[in-house]
Amino acid sequence: MKVVVLAGPESSGKSWLAAELHAHFGGLMVGEYVRHFIDEHQRDTCLADIPAIARGQLAWEDAARAGRPALLILDTHLLTNRLWSQTLFGDYPGWLDSELLARHYDLHLLLSPEDVEWSADGQRCQPQLADRRAFFQASLDWMHAHHQPVEVIRGDWQARREAAFAAVERLLASVTTD
C-alpha cells in the first residue's frame, strides 16, 4: 500500500487534485472530515471541536488503511488539523503530534498557494495570500523537521495536475523496486 497525502493551505487545489489522482490511478480516496463536521454542525468550529475533528479524520483514514488498497489518497491528514487549530485558536491538542507521527506516509504533495486564485466556499477563511503562504511554510517546515517525503506542487491547475501525476507515477513505479 502506498499512501499519498495532499497538504497545504486552503484553496490550493487539494480536494480537486485528490479527486483527479483517484480518477486516474484508482485506489481509495479519503476526504476532509472537517468539512463533514462543519456541514453537520452548521457553525464555526472552536478549539473544543478539534479533538472530535481530528478523531473523525483518523477514523476515516484508519478505516481506509484497514482495506489495504494499493493506493490510498488522503485529501488531508492531522497536520492540517494541527496547523489550523494553531492558526485559529493559538493552541492544539498535543496528542495530534504523536498520532500524526505514528502513521506512515509515502508521499506528501504540498500545494503552494501561488499561481491559483483563492475562492470562497463558505468554509474558507484565509483570503490573504500572505496568510496562505505562512500556512504553506509551516507545513513545509513540519515536514522537513520530521523527515517526511514531500514534493512541492506549484503552477497553474494544469501544471499542478501534471506534477502530481508524475510524482504519483514515480511512487507507484517504486513498488517494484522496494
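- With respect to the salt-bridge test (charged N to carboxylate O, under 4.0 angstrom), the residues Arg133 and Glu114 qualify.
- For the pair His77 and Arg103, the minimum side-chain heavy-atom distance is 4.5 Å or more.
- Ser85 places a side-chain N or O within donor-acceptor distance of the main-chain N or O of Asp91, the cut-off being under 3.5 Å.
- Taking 4.5 Å as the limit, every side-chain heavy atom of Ser12 sits out of range of all side-chain heavy atoms of Arg132.
- In this structure, His146 NE2 and Trp142 CH2 are separated by 5.0 Å, a value rounded to the nearest 0.5 Å.
- The side-chain heavy atoms of Arg55 and Tyr33, taken from C-beta on, include no pair separated by under 4.5 Å.
- Within the 4.5 Å cutoff, no side-chain heavy atoms of Ile153 are placed close to those of Leu110.
- To the nearest 0.5 Å, the span separating CG on Leu71 from CG on Leu21 amounts to 7.5 Å.
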> Between Arg160 and Asp115, does a salt bridge (charged side-chain N to carboxylate O under 4.0 Å, His left out) hold up when you go through it step by step?
Replying inline: CA-CA 10 Å; Arg160 287 167 192 259; Asp115 303 318; 5.2 Å; no

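- Between the side chain of His24 and the backbone N or O of Glu20 there is no donor-acceptor pair closer than 3.5 Å.
- Looking only at atom types and distance, the side chain of Asp97 has a donor-acceptor partner in the side chain of Tyr92 under 3.5 Å away.
- Looking at Phe136 and Val152, their side chains come closer than 4.5 Å, going by heavy atoms from C-beta outward.
- Listed for the Lys2 side chain is no donor-acceptor partner under 3.5 Å among the backbone atoms of Val168.
- Between Tyr105 and His108, the ring center distance clears the sub-6.0 Å criterion.
- Between His36 and Trp60, the ring planes lie tilted relative to each other; the angle falls in the 30° to 60° range.
- Side-chain contact between Ile73 and Leu28: absent, with no pair of heavy atoms (C-beta onward) separated by less than 4.5 Å.
- Distance CG/Asp75 to NE2/His22: 12.0 Å, rounded to 0.5 Å.
- Here His104 contributes atom NE2 and Met1 contributes atom CE; the two are 8.5 Å apart, rounded to the nearest 0.5 Å.
- One finds the CZ atom of Arg170 at 8.5 Å from the CG atom of Leu107 (value rounded to the nearest 0.5 Å).
- Residue Ser112 comes nearest to Arg154 through the heavy atom pair CB-CG, 3.7 Å, listed as atom of the first residue, atom of the second, then distance.
- Listed here is the closest heavy atom pair of Glu32 and Ser15: OE1-OG, 4.2 Å.
- Remark: side-chain polar atoms of Asp62 are not paired, donor with acceptor, to backbone N or O of Ala59 under 3.5 angstrom.
- Hydrophobic clustering of Ile, Leu, Val, Met, Phe, Trp and Tyr side chains at less than 4.5 Å, counting indirect connections, unites Val34 with Trp95.
- Nearest heavy-atom pair, Leu109 versus Ala167, reported as atom, atom and distance to 0.1 Å: CD2-CB, 3.8 Å.
- Taking CD1 of Ile53 as the start and CD1 of Ile38 as the end, the distance is 6.5 Å to the nearest 0.5 Å.
- Here the side chain of Thr87 pairs a donor or acceptor atom with the backbone of Leu83 at under 3.5 angstrom.
- With hydrogens and angles left out, the side-chain atoms of Glu162 and Gln158 include a donor and acceptor closer than 3.5 Å.
- In this structure, Leu72 is a member of the same hydrophobic cluster as Leu101, with clusters built from ILVMFWY side-chain heavy atoms closer than 4.5 Å.
- A donor-acceptor pair is defined here as one N or O able to donate and one able to accept, closer than 3.5 Å; such a pair exists between the side chain of Gln57 and the backbone of Gly31.
- A distance-only check finds a donor-acceptor pair linking the side chain of Asp106 to the backbone of Val3 [under 3.5 Å].
- Taking the ring axis of Phe89 as reference, the NZ or CZ atom of Arg82 does not stay both within 45° of it and closer than 6.0 Å to the ring centre.
- Looking only at side-chain heavy atoms (C-beta outward), Leu96 and Ile50 come within less than 4.5 Å of each other.
- Using a 4.5 Å cut-off on side-chain heavy atoms (C-beta onward), Leu74 and Leu6 make no contact.
- Two rings, from Trp84 and Phe135, have their centers less than 6.0 Å apart.
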> Taking it one step at a time, do Leu78 and Glu61 satisfy side chain to side chain contact (heavy atoms under 4.5 Å, CB included)?
Replying inline: CA-CA 10 Å; Leu78 288 187; Glu61 179 181 331; 5.8 Å; no

